[in-house]
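Presented below is the structure to which this report refers.
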2 protein chains.
Amino acid sequence: MTATRIKEVALKQFANNGYEGASLADIATEVGIKKQSIYTHFKGKDELFLDLFNAVLAKELNFVFEYLDRHKQLSIDQLLYGFLIQYKDGYEHDDNTKFFLRVAFFPPSHLYEEIVKQGYNYLDTLETMLIPVFDQAIAAGNIHSDVSSEMATVSFLAVLDGMFVELLFGGAEKSLKRIEASWFVYWRGIKS
Amino acid sequence: MTATRIKEVALKQFANNGYEGASLADIATEVGIKKQSIYTHFKGKDELFLDLFNAVLAKELNFVFEYLDRHKQLSIDQLLYGFLIQYKDGYEHDDNTKFFLRVAFFPPSHLYEEIVKQGYNYLDTLETMLIPVFDQAIAAGNIHSDVSSEMATVSFLAVLDGMFVELLFGGAEKSLKRIEASWFVYWRGIKS
DNA sequence: TCCATCCTTCCGAACGTTCGTCAGGAACAT
DNA sequence: ATGTTCCTGACGAACGTTCGGAAGGATGGA
């Protein structure tokens, strides 16, 4: 199916070059067709892009959900640190994650509002999923009593964003140093 | 001087709309001239933009230098926390800071390399300035012995980036919650 | 089996818009 | 007279997009 091929190629090109950096002509060339043919399968560039964006967002949220579910038996520090590392690896090897970060941080201006809204929806959902995890850790006595689950969550999301930034600008390798430092200080900051 | 007016308006428009969001036509309109007249004062859009970028970068570094110098008598936690707050306020009220963040995070693709290079130059300089501050705090026994000055610096820069992200997407008001949480956990993570 | 028809997919050509950019000339001050 | 500043007008490149038609396979009736 050509539509599927177009989606694959577009995902990759959007992930690596951003919305405006990926022209329909370039996408079509890599698929092996002319740019006009894309209009047989999609109404236009925006529809193609938003189709991908929604699919990617769903996959990202699903990844988080699955990760937390599959590793719920881990200690909280292993769970959270592993989460950071998983995301770093995803950025290296998974076009979904790369697309997600690239688009969330470099959104096309005419879709800015929609994308930022979805981005915060992602963060809110993540927060909703993390708070019970911290509540559980607090109940188990693993978190210092000065630290509320909300504060732990919010600052963890900040650590996550700090990692995202370094991933985007410095790449996966360079980001490892920051992850290690951030995580060390963060964990020392919330552990009991 | 028209050139100065152009720079002022361009700084503001680049800060609020980014490189591609600010057209020469819009800039000229706000100045009260036609877009072609800009070419009397600048070779083109890129020259205007890079002129501003370099000036802004110098001002930002100067701000950091001055801040650290003027408040060197403060305790390290007050110094660093105040630094975050200062930056937040700067983003709200200072077009320089807004331009800096906007451009650093949403760089025009054909100048990407140059901008990211300068961005890392900024971070490196910041790191160079902060390490002695932490060294001093360590010598004074204010930082936990498990935490090296480098680790404290790197993770502080991550906190800073986390704040930048929230500033850019959520605005100054929303970012305060994140700043508080991040700082609380960060300081608890490095203090002795 | 054959042929007419229809639908899908793709492409050549062209259009419309947005931008940055350039050439040439008018107004004005020095 | 000279230089500066700004304007009118136009150009060219890059995109996304639309239109009309060709190629090919599938369908259904004779």
Side-chain angles (χ1 to χ4, degrees), chain A residues 1-56 99 102-103 105-115, chain B residues 1-56 99 102-103 105-115:
Chain A
M1 196 70 132
T2 310
T4 311
R5 281 279 299 140
I6 294 175
K7 278 192 178 184
E8 286 172 6
V9 172
L11 181 76
K12 177 180 147 195
Q13 295 217 11
F14 281 136
N16 288 302
N17 308 315
Y19 178 88
E20 24 242 353
S23 71
L24 290 184
D26 286 344
I27 293 171
T29 300
E30 186 171 336
V31 173
I33 59 176
K34 299 294 174 183
K35 62 174 175 172
Q36 305 93 302
S37 306
I38 294 177
Y39 287 79
T40 303
H41 307 279
F42 303 92
K43 282 185 183 169
K45 190 179 186 181
D46 282 359
E47 183 181 287
L48 170 59
F49 179 79
L50 289 174
D51 267 18
L52 288 171
F53 182 61
N54 289 324
V56 161
F99 178 102
R102 177 100 201 197
V103 166
F105 279 85
F106 309 142
S109 23
H110 70 290
L111 300 174
Y112 183 85
E113 226 170 295
E114 172 73 6
I115 290 173
Chain B
M1 197 66 134
T2 310
T4 311
R5 281 279 298 142
I6 294 175
K7 278 192 178 184
E8 287 172 4
V9 172
L11 180 75
K12 177 181 148 195
Q13 295 219 10
F14 281 137
N16 288 301
N17 309 314
Y19 179 87
E20 24 242 354
S23 71
L24 291 184
D26 287 344
I27 293 170
T29 299
E30 186 171 337
V31 173
I33 58 177
K34 299 294 173 184
K35 63 173 176 173
Q36 302 91 321
S37 305
I38 294 177
Y39 286 79
T40 303
H41 308 278
F42 302 93
K43 281 185 183 171
K45 189 179 187 180
D46 282 359
E47 183 181 287
L48 171 59
F49 178 80
L50 289 175
D51 267 18
L52 288 171
F53 182 61
N54 289 325
V56 162
F99 178 101
R102 177 99 201 197
V103 165
F105 279 85
F106 309 140
S109 24
H110 70 289
L111 300 174
Y112 184 86
E113 226 169 297
E114 172 73 6
I115 289 173

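Here is how names work: the chains are called A, B, and so on, in the same order as the sequence lines, proteins then strands, and each is numbered from 1.
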Beyond-backbone contact of B:Asp26 with B:Glu30, side-chain heavy atoms, under 4.5 angstrom: no
Give every pair of a protein N or O atom and an N or O atom of nucleotides 11-17 of chain C that lie under 3.5 Å apart, one pair per line with the distance.
{"residue": "C:dC11", "atom": "OP2", "partner": "A:Lys34", "partner atom": "N", "Å": "2.7"}
{"residue": "C:dC11", "atom": "OP2", "partner": "A:Ser37", "partner atom": "OG", "Å": "2.8"}
{"residue": "C:dG12", "atom": "N7", "partner": "A:Gln36", "partner atom": "NE2", "Å": "2.6"}
{"residue": "C:dA13", "atom": "N6", "partner": "A:Gln36", "partner atom": "NE2", "Å": "3.0"}

Taken to the nearest whole Å, CD/B:Glu20 to P/D:dA13 is 21 Å
B:Tyr39 OH to D:dG9 C1', in whole Å, measures 15 Å
Rounded to whole Å, the CE-C1' distance (B:Met1 to D:dT4) equals 10 Å
Open item on the list: Over 60° means perpendicular and under 30° means parallel, so tell me whether B:Phe99 and B:Phe53 are parallel, tilted or perpendicular.
Closed with: tilted
Output for pair (A:Ile115 CD1, A:His110 NE2), nearest 0.5 Å, gives 8.0 Å
- Message: Quick check on C:dC10: is either OP1 or OP2 less than 4.0 Å from any side-chain nitrogen or oxygen of A:Thr2?
- Response: yes
Whole-Å distance, B:Ile6 CD1 to C:dG20 C1', equals 15 Å
Winner on side-chain proximity to A:His41, out of D:dT5, C:dT9, C:dC19, is C:dT9
B:Leu24 atom CG is separated from D:dC7 atom C1', nearest whole Å, by 16 Å
- So, A:Asn16 side chain and A:Lys12 main chain: donor-acceptor pair closer than 3.5 Å or not? yes
Query - Heavy-atom side-chain contact between A:Ile6 and A:Ile33 under 4.5 Å - result: yes
_Cation-aromatic face contact B:Lys45/B:Tyr19, 6.0 Å, 45 degrees_ = yes
To the nearest angstrom, the NZ-P distance between B:Lys45 and D:dA13 comes to 19 Å
Taken to the nearest whole Å, NE2/A:His110 to P/C:dC19 is 13 Å
